[in-house]
Amino acid sequence: MVFSFILYNFILFSSTLFIFLFNITKSKYIKHIFIFISFFIVFIPSALRYNIGTDYRTYVEIFNKLKLYHYSYVEFGYTQLNQLIISLNLTSEYLFAIVAFLTYFFIYLTYSKSNKSYIFHFLFICTGYFSSFYLLRSTISLSICIFAIALYLNNSKVFIFLLLIFIASLFHKAALIYMLIPILGSMKLKKLYINLRFIILLSIFVIFIFKDQLVTFVFHSKLIDILGYSDYVSSELFSKKTSYGSGLGILLRALPLIIIILLTKKLLTHDKRNSLIIFTALISIISIIFSSTIEIFSRLEKMFIFSYMFGIIAILQCPTIKFRNFYCFFFILVYLLLFELTIINSSSYKCEGARITPYVSILNKEDDQSLNLTRIQCEKL
């Protein structure tokens with residue numbers, strides 16, 4: 001436990017330090033060195049992990065099934081990636097390394113788009129790094145979406161954005177929601193967001209009050225199939241009621257997003273393309289509310305974690321927002337706390353949680369004492 005705590009914090013702080021040095025260094029040669037060091041600090045532990053992450057065994061099982069026959073449960077892009085690895089006579093351990101490389105590669109491509117990318121990186125590690133250990137399809141898809149959004153915010157053509165989103169959807173259907181983003185960047189919707197931001201907050205409150213009824217409706221609608229979660233509906237593990245204790249974790253995750261919505265007018269006056277951040281912040285809040293009722297919606301929430309990173313960068317770049325440095329500090333503090341709590345509460349000896357501690361690599365498999373069970377097998381215990 002102590003080793004894992006030190007390792008994960010080393011990854012967070014040291015990789016962020018090198019991204020900071022990347023941001024402030026003028027020499028292109030030195031900048032490349034710094035970003036490569038940061039990349040490998042993040043990549044190597046993820047690539048070498050063994051039985052780490054809630055769905056590790058599930059993805060090993062999918063890989064082994066694809067060796068024997070066509071398995072239609074997963075999206076086309078992810079299936080083809082598995083088939084490529086199988087055709088090269090490689091083991092499932094290479095799958096995790098290749099997925100890790102692809103995920104972080106697209107994330108790191110976004111860092112040249114901002115001089116505040118060290119903050120973006122810090123928030124990504126806090127909110128998305130552990131998810132990349134067990135939500136393989138979602139995080140490949142998410143990383144491509146994040147790269148597409150970074151290009152879009154830097155005035156890239158809509159066609160390039162839509163093409164990247166389509167590629168992302170080959171790994172997870174939920175990426176198709178991002179197709180709405182160019183529409184949401186229109187001037188008319190800008191005025192709508194500004195005039196209705198408090199109605200939006202009131203709507204969030206109403207959704208929270210009636211979340212049980214709304215979740216039941218959504219859970220049995222076609223939307224679940226469109227988002228790629230229909231196979232989880234029959235699973236007791238994913239459709240069961242969520243136990244959320246005091247609700248502090250839910251509040252901590254939602255509060256920064258609510259701040260983004262409260263700052264709608266200034267964000268959109270500064271740049272109309274910030275409407276996509278407002279939109280995804282709203283979806284993230286709804287996902288958080290729904291995940292407090294049924295577990296499966298926590299996976300949808302992970303698909304929109306970028307709203308945290310892009311949100312704080314947008315706030316920092318908006319000169320009319322007072323106390324923007326305070327907001328940045330608040331975001332960092334909240335997500336650092338959630339990062340540390342995830343490490344502490346995610347033992348691999350039990351079915352619940354992310355199952356990320358203690359850290360074990362393929363180099364010391366003999367030390368693995370974690371559950372050799374998929375989440376579906378845990379459901380039957």
Side-chain angles (χ1 to χ4, degrees), residues 43 46-47 53 55-56 58-88 90 92 94-110 124 128 131-153 156-184 222-233 238 276 279-280 283 287 296-307:
F43 168 68
S46 180
D55 289 341
Y56 185 96
T58 300
Y59 282 106
V60 171
E61 189 177 273
I62 292 172
F63 181 85
N64 291 332
K65 286 181 178 179
L66 285 169
K67 278 185 174 181
L68 302 175
Y69 55 86
H70 176 68
Y71 189 58
S72 60
Y73 173 75
V74 293
E75 286 83 354
F76 176 80
Y78 184 76
T79 298
Q80 294 307 306
L81 177 61
N82 278 254
Q83 293 290 6
L84 175 62
I85 296 169
I86 291 167
S87 69
L88 295 173
L90 300 176
S92 61
Y94 285 90
L95 169 68
F96 294 100
I98 292 170
V99 169
F101 180 85
L102 291 173
T103 299
Y104 308 136
F105 174 75
F106 283 104
I107 295 295
Y108 272 74
L109 282 179
T110 67
F124 168 73
S131 299
S132 72
F133 283 12
Y134 59 92
L135 299 177
L136 271 63
R137 293 177 296 140
S138 296
T139 48
I140 291 180
S141 180
L142 174 64
S143 66
I144 298 172
C145 289
I146 287 175
F147 178 57
I149 290 165
L151 291 178
Y152 181 77
L153 289 173
S156 177
K157 293 181 180 179
V158 173
F159 172 76
I160 299 298
F161 172 81
L162 294 176
L163 177 61
L164 287 168
I165 296 302
F166 172 73
I167 294 171
S169 71
L170 296 177
F171 293 92
H172 204 289
K173 292 179 183 178
L176 292 172
I177 293 178
Y178 290 95
M179 292 284 189
L180 297 172
I181 283 175
I183 300 172
L184 296 163
K222 290 291 184 182
L223 182 60
I224 286 291
D225 184 54
I226 293 171
L227 295 174
Y229 297 119
S230 58
D231 292 296
Y232 296 102
V233 172
F238 294 102
L276 75 88
F279 170 68
T280 51
I283 292 181
S287 299
I296 187 56
F297 288 100
S298 64
R299 299 198 165 211
L300 181 60
E301 177 195 347
K302 297 293 191 301
M303 282 296 296
F304 294 93
I305 60 169
F306 78 87
S307 54

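All figures in this text were calculated on a predicted structure; none of them were measured in a lab. All values below come from the heavy atoms of this structure, side chains included, with hydrogens, waters and symmetry mates left out.
- Below 30°, between 30° and 60°, or above 60°: for Phe43 and Tyr104 the angle between ring planes is above 60°, a perpendicular geometry.
- For the pair Ser138 (side chain) and Leu135 (backbone), a donor-acceptor distance under 3.5 Å is absent.
- No side-chain heavy atom of Ile144 sits less than 4.5 Å from a side-chain heavy atom of Thr103.
- In this structure, the separation between CG on Leu136 and CG on Leu81 is 9.0 Å, given to the nearest 0.5 Å.
- Residues Thr79 and Ile62 form no side-chain contact, since every pair of their non-hydrogen atoms from C-beta on lies 4.5 Å or further apart.
- Side chains of Ile86 and Leu90 form no contact here, defined as non-hydrogen atoms less than 4.5 Å apart.
- Without hydrogens or angle criteria, Ser46 side chain to Ala100 main chain gives no donor-acceptor distance under 3.5 Å.
- Using cut-offs of 30° and 60° for the angle between ring planes, the Tyr59 and Phe96 rings count as perpendicular.
- Minimum interatomic distance between Thr139 and Ser132 (heavy atoms only, all atoms of both residues): CG2-CA, 3.5 Å.
- Rounded to the nearest 0.5 Å, atoms OG (Ser143) and OH (Tyr108) are 13.0 Å apart.
- The OG atom of Ser141 sits 8.5 Å away from the CG atom of Leu176 when rounded to the nearest 0.5 Å.
- When side chains are defined from C-beta on, Leu151 does not count as touching Thr110, because their heavy atoms never get closer than 4.5 Å.
- In this structure, Phe147 and Leu164 have side chains that are in contact, with non-hydrogen atoms separated by less than 4.5 Å.
- Proximity of the aromatic rings of Phe161 and Tyr152 is defined here by a centroid distance below 6.0 angstrom, and this criterion is met.
- Ile107 has its side chain out of reach of Phe306: every pair of non-hydrogen atoms, C-beta onward, lies at least 4.5 Å apart.
- From Glu61, atom CD reaches atom OH of Tyr56 across 13.5 Å, with rounding to the nearest 0.5 Å.
- If you take OG on Ser169 and CG on Leu162, they are separated by 11.0 Å, rounding to the nearest 0.5 Å.
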| field | Step-by-step side-chain contact (heavy atoms from CB on, under 4.5 Å) determination, Ile85 to Phe63 | value | CA-CA 9 Å; Ile85 296 169; Phe63 181 85; 3.8 Å; yes
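- The two atoms that bring Leu66 and Gln83 nearest to each other are O-NE2, 3.6 Å, heavy atoms only.
- The distance from the OG atom of Ser87 to the NZ atom of Lys67 is 11.5 Å, given to the nearest 0.5 Å.
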| side-chain contact (heavy atoms from CB on, under 4.5 Å) between Glu75 and Phe171, intermediate numbers included | CA-CA 5 Å; Glu75 286 83 354; Phe171 293 92; 5.7 Å; no
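- Side-chain atoms of Thr280 come within 3.5 Å of backbone N or O of Leu276 as a donor-acceptor pair.
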| task | Show your reasoning for whether side-chain contact (heavy atoms from CB on, under 4.5 Å) applies to Val74 and Asn82. | result | CA-CA 11 Å; Val74 293; Asn82 278 254; over 6 Å; no
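- Using a 4.5 Å heavy-atom threshold, the side chains of Phe133 and Asp55 count as separate.
- Side-chain contact between Tyr78 and His172 is absent, with no heavy atoms from C-beta onward closer than 4.5 Å.
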